[in-house]
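Have a look at the structure below before the remarks.
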Amino acid sequence: MKYIIDPRYRLRGWHKLPTGLYDAKKHEAQFFAPDLYRLLLQCDAAHEIDTDALPDKQREFMEKLQAVGIIRAAGWLDFLLPEQRYKTYPARYRRDAHWSITGECNFRCAHCFMSAPSGKHGSPSYEEIIRVADMLAECGVFRVGLTGGEPLIRSDFLSILDALQEREIDVNVIYTNGWLADEKLLDALEERNMHPRFQLSFDGVGWHDFLRGVPGAEERTLNALRLLHERGYRTSVSMCTHKKNAHTIRESVNLLASLGVSGVKCGSMMNLGEWAKDEVKDLQLSHAEEQEMFEAYIPQYFEDDAPVSIMLSGAFMYTPGEDHWSIYNERKCDENDEKEALSCGVLAHSFYIGADGLVCPCMGMADCGFADRFPSLREMSLSEILTDSDLIRYEYATVKDIRDRNEKCRSCRFVDRCTGGCRNSALIAGDDYYGIDPYLCEFFENGWDQRIRDAAQPAFEAYLKRNPPVRKDRTDKGSSISEVSC
């Protein structure tokens, strides 16, 4: 029988990962063992495949491909579309880029780690934006989150969206303060058949203007969230907590839930940029104060029937409907796993492009003292950066790398309960990419993980009695077939 790959999928390869299948709807790829991929290459409506004669593993692979809708029996007139045929990209695979299209902003936030109030990182010209877009497409990076500064202040914002769409680069999230998220913008997005998620910031009922430095910011942000929900856009919110607004977390989360926000990420800000200035040091929560805030709020969160998905720094995570909650800080990794386990799993899939062309693992690293170690698009092409550069070496740092270069981690009695912590936090603490994450050290050394369990579990069990978890059916074809992929 002859088989054909569904038009949704494309045969693709990247540097050191040549056996990829790219999903043009989800804008991501999955990868297969070479023997299985050779079978996939033959699903072109031209080759005969006798599945009965295949070894068990390969036959099961073909059955799974059909079950999830990746392939089907080919008809008389079926053929692979030109864009589906095999193509390779001159870079390592990265699913996402987090891209600052400007370093300028219309707010004066007291906690901005990018120092956007002063426009420290500048704003690239439209021509520079197009150059980066071309490099992203050349490297097979087809999903971006647009941020700033404030991305919506660019007068050419819609032209940038058009340029990305022409290159088949999906804008899956827009990070904005919400001031300019209006009907006109949403109309323009819908004209382009674009429906990104919006991530806004909201820093506590009654305290948003205080931190953002602009009168009326709180009202405009809440109105933007209300409008986005009415128009069917998914929204999420980050909340920066400090000594003056910590008491508002419960009220703020419940208000955001009432506006249709799907998820809230809450925690104190990084000690970078504006937040590192002496005049705001009295506002900053210590790690212990933040922990106490979380311990007090978690039972309240479950009493309120878990109104949104939530992440409280690395101390607590939960998605409504799930049958368990988790502590992100606790990622077990023993000596058998440390050689292969990456210190940060996110960095294997994404990277950050700054408004000044800096390319680094994540946004918070763009303004630390270590930033001059990272490559720049003004000096190297993106394909060079994503093939063999310091960025790649840092992003692929393993748990073993951290433990080998950091005696405190190697000798720590909690060594098998974490992966070394956040590399951004390590850089803030001491400009050492392989250094310790002080917050994580405190978290385990002070028994905060157990305190979180003591605060969360009784309230969670009571919540589950009121709201039994619901099994979610997968209705979207093209779901993961990782059990037969490499």
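Computed over heavy atoms, backbone and side chain alike; hydrogens, waters and symmetry mates excluded.
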Salt bridge check: are [X] and [Y] linked by an N-O gap of less than 4.0 Å?
X    : Y    : answer
D416 : K332 : no
R451 : D454 : no
R231 : E190 : yes

Query raised in the report: Given L200, which of N177, I174, L228 fulfils the side-chain contact (heavy atoms from CB on, under 4.5 Å) condition?
Result: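 In the set N177, I174, L228, the residue that makes a side-chain contact (heavy atoms from CB on, under 4.5 Å) with L200 is L228.
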Under the salt bridge (Lys or Arg N to Asp or Glu O under 4.0 Å) definition, can you give me all pairs with a residue in [range], not counting sequence neighbours?
range            : answer
residues 254-267 : none
residues 159-173 : R10-E168, D134-R167, D162-R192
residues 195-210 : D203-R212
residues 340-357 : none

So, [X] side chain and [Y] main chain: donor-acceptor pair closer than 3.5 Å or not?
X    : Y    : value
E251 : T248 : no
D437 : C422 : yes
Q450 : G447 : no
E290 : G267 : no
S252 : V205 : yes
R234 : H195 : no
T176 : G178 : yes
D156 : S159 : no
N446 : E442 : yes
R154 : I101 : yes

Are any of the side-chain heavy atoms of [X] and [Y] separated by less than 4.5 Å?
X    : Y    : answer
R403 : V415 : yes
T221 : V237 : no
V399 : R331 : no
R250 : Y297 : yes
V264 : Y301 : no
V144 : V171 : yes
R453 : I327 : yes
N172 : D96  : yes

Query - Verdict with reasoning, S268 to T241, per side chain to side chain donor-acceptor pair (under 3.5 Å) - result: CA-CA 5 Å; S268 55; T241 51; 5.2 Å; no
Distance-minimising heavy-atom pair for [X] and [Y]:
X    : Y    : value
A455 : A459 : O-CB, 4.2 Å
T419 : C333 : CG2-CB, 4.0 Å
M239 : I249 : CE-CA, 4.1 Å
I452 : A315 : CG2-O, 3.7 Å
Y93  : A29  : OH-N, 2.9 Å
C409 : I402 : SG-CG2, 4.1 Å

Consider only side-chain N and O atoms of [X] and [Y], and report whether a donor and an acceptor are under 3.5 Å apart.
X    : Y    : answer
R220 : N223 : no
Y439 : Q291 : no
N106 : E150 : no

What side-chain donor-acceptor pairs closer than 3.5 Å can you find for residues 363-374, not counting sequence neighbours?
unit_1	atom_1	unit_2	atom_2	d
D367	OD1	K120	NZ	3.0
D367	OD1	H121	NE2	2.9
D367	OD2	K120	NZ	3.4

Partners passing ring-ring contact (aromatic ring centres under 6.0 Å, His included) against [X] (at least two apart in sequence or in another chain):
X    : result
F202 : H208
W99  : none
F210 : W207, H242

Query raised in the report: If you look only at pairs with a residue in residues 100-119, which of them pass as a ring-ring contact (aromatic ring centres under 6.0 Å, His included), with sequence neighbours excluded?
Result: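 For residues 100-119: F107-W179.
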Query raised in the report: With sequence neighbours excluded, what pairs up with K277 under the side chain to side chain contact (heavy atoms under 4.5 Å, CB included) test?
Result: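 Checked K277 against side chain to side chain contact (heavy atoms under 4.5 Å, CB included); matches are E274, E279.
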Query raised in the report: At what distance, to the nearest 0.5 angstrom, does CZ of F198 lie from CG of L152?
Result: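 Separation between the atoms: 6.5 Å.
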Requested in this report: Hey, could you give me the CZ/CZ distance between R94 and F142, rounded to the nearest 0.5 Å?
Outcome: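 Those atoms lie 15.5 Å apart.
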Query raised in the report: Has Q165 got more than 12 heavy atoms of other residues, nucleotides or ligands less than 6.0 Å from its CD?
Result: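 Yes, enclosed.
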Query raised in the report: Which side-chain hydrogen bond (donor to acceptor under 3.5 Å, both in side chains) pairs, counting each pair once, include a residue from residues 420-436, with sequence neighbours left out?
Result: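 Passing the test, one end in residues 420-436: no pairs.
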Query raised in the report: Is it true that W325 and Y318 have ring centroids separated by less than 6.0 Å?
Result: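 No, the ring centres sit 6.0 Å or more apart.
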Query raised in the report: Would you call the rings of F302 and F460 parallel, tilted or perpendicular if under 30° counts as parallel and over 60° as perpendicular?
Result: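 Answer is tilted, since the angle falls between 30° and 60°.
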Side chains of residues 342-353: which donor-acceptor partners sit under 3.5 Å, not counting sequence neighbours?
unit_1	atom_1	unit_2	atom_2	d
S343	OG	A397	O	3.3
S350	OG	V346	O	3.3
Y352	OH	S100	OG	2.6

